[in-house]
Amino acid sequence: MDNQALLGQLRRGVLEYCVLALLAQDERYGYDLVVALSEAGLVASQGSVYPLLSRLRRDDLVETTWRESTDGPPRRYYRLTAAGAAALDAFRPAWAEFSSHVDRLLKGAS
Amino acid sequence: MTTTLPPLAEAYLARLRAAASVLPADQAAELVSDISEHLSIALGPDSDVRDAAAVLDALGAPEQLVSDAAGGDGATAPEPSSSRREWIALACLVASVPLVVFWPAALVTWIVGVSAMLTSRRWTVADKGFGMVLAFAPAMVAVMGLAGFSAMESCASDGTGPEVCTQVGQPLIPAPFGAVLLIAWLVLAGYGLVRLLRRLR
């Protein structure tokens, strides 16, 4: 398996929680989220973030509002819902436990 | 304020619109709107062909975005946006209500309806949660029927005096609690039905 395919598999399960984590800090518009995720090396293709945002909205984990912008068309802003915050709260300890197990195994194997 | 996109970006959007025709209409419109917004922000008025090519390359192929939106992993083409399964689910759940008078038929219809609903790819987990509230319809009808039957009055007359009526049973559910339960269920089930139908437009 090449490096890109490996990263793709690793990203698949955690990307939505990274979006929720970014929105826990502040509400953001789509492009802003895409740039933040891209700079963190969490997305292979930037466009794939939009279907994910759409799914999170349909699952009521985020909600959106349209805002006028001074330098372009109106922007869709995303904000965490109570259900989204609860999903993120549940993910944090699960991820900490999961990553510590993997780290321990990898250290033992090296 | 409107933004004019470079021809390369307009061609990308046209490709995306064509590919997105396999998605439900609202999902396709949302995807095209999101990508248009992205391009408007990423490509300023001074952007040249090279800038446009770099932005479009970073976005990924339109067909891949549509595949992601359809829930695929990109290895296969998205399925056509048929909603036959969802209509079968709703038809079976509705049909199971009058069939309560013959419970085996109601049970079979209900199981088919719930299975179709839970395996739907168009309805989200939250939609299915409200769908399950709606699926309680036959049970609610049965409980209300039993409650009425159990509280029936029996009247008799010995021929010499007025007819004497006595209550044969006790209501299964105390009246105020039953009414609150019924109203709460009606509100939730009504919202659930509207929500499920809205996804099929």
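Throughout, protein chains are lettered first and strands after them, A, B, ... in sequence-line order, and every chain is numbered starting at 1.
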Check each atom of A:Val34 against the heavy atoms of chain B and say whether the ones under 4.5 Å are side chain, backbone, both or neither. side chain
Hey, which residues of residues 54-67 of chain A are touching chain B, say heavy atoms under 4.5 Å apart? A:Ser54, A:Arg57, A:Arg58, A:Asp59, A:Asp60, A:Trp66
To check you understand the geometry: which heavy-atom pair defines the closest contact between A:Ser48 and B:Leu65, and what is its length? N-CD2, 3.7 Å
Let me confirm one number: the CG-OH distance from B:Leu39 to A:Tyr31, rounded to the nearest 0.5 Å. 9.5 Å
Please check if the number of heavy atoms outside A:Phe91 that lie under 6.0 Å from its CZ is greater than 12. yes
Taking only residues at least two apart or on different chains, which pairs with a member in residues 11-25 of chain B satisfy salt bridge (Lys or Arg N to Asp or Glu O under 4.0 Å)? B:Arg15-B:Glu63
Looking at chain A, which one of B:Asp127, B:Val55, B:Ile41 has the largest number of heavy-atom pairs inside 4.5 Å, strictly under? B:Ile41
Under a 4.5 Å heavy-atom cut-off, does chain A meet the side chain of B:Ala42, its backbone, both or neither? both
Contact origin within B:Ser36 toward chain A - heavy atom pairs under 4.5 Å: neither
May I ask you to list the residues in residues 76-88 of chain A that approach chain B closer than 4.5 angstrom, counting heavy atoms only, ordered by number? A:Arg76, A:Tyr78
Would you mind reporting whether A:Tyr50 and B:Ile35 have side-chain heavy atoms less than 4.5 Å apart? yes
Is there any salt bridge (Lys or Arg N to Asp or Glu O under 4.0 Å) pair reaching into residues 41-55 of chain B, and which pairs are they, with sequence neighbours excluded? none
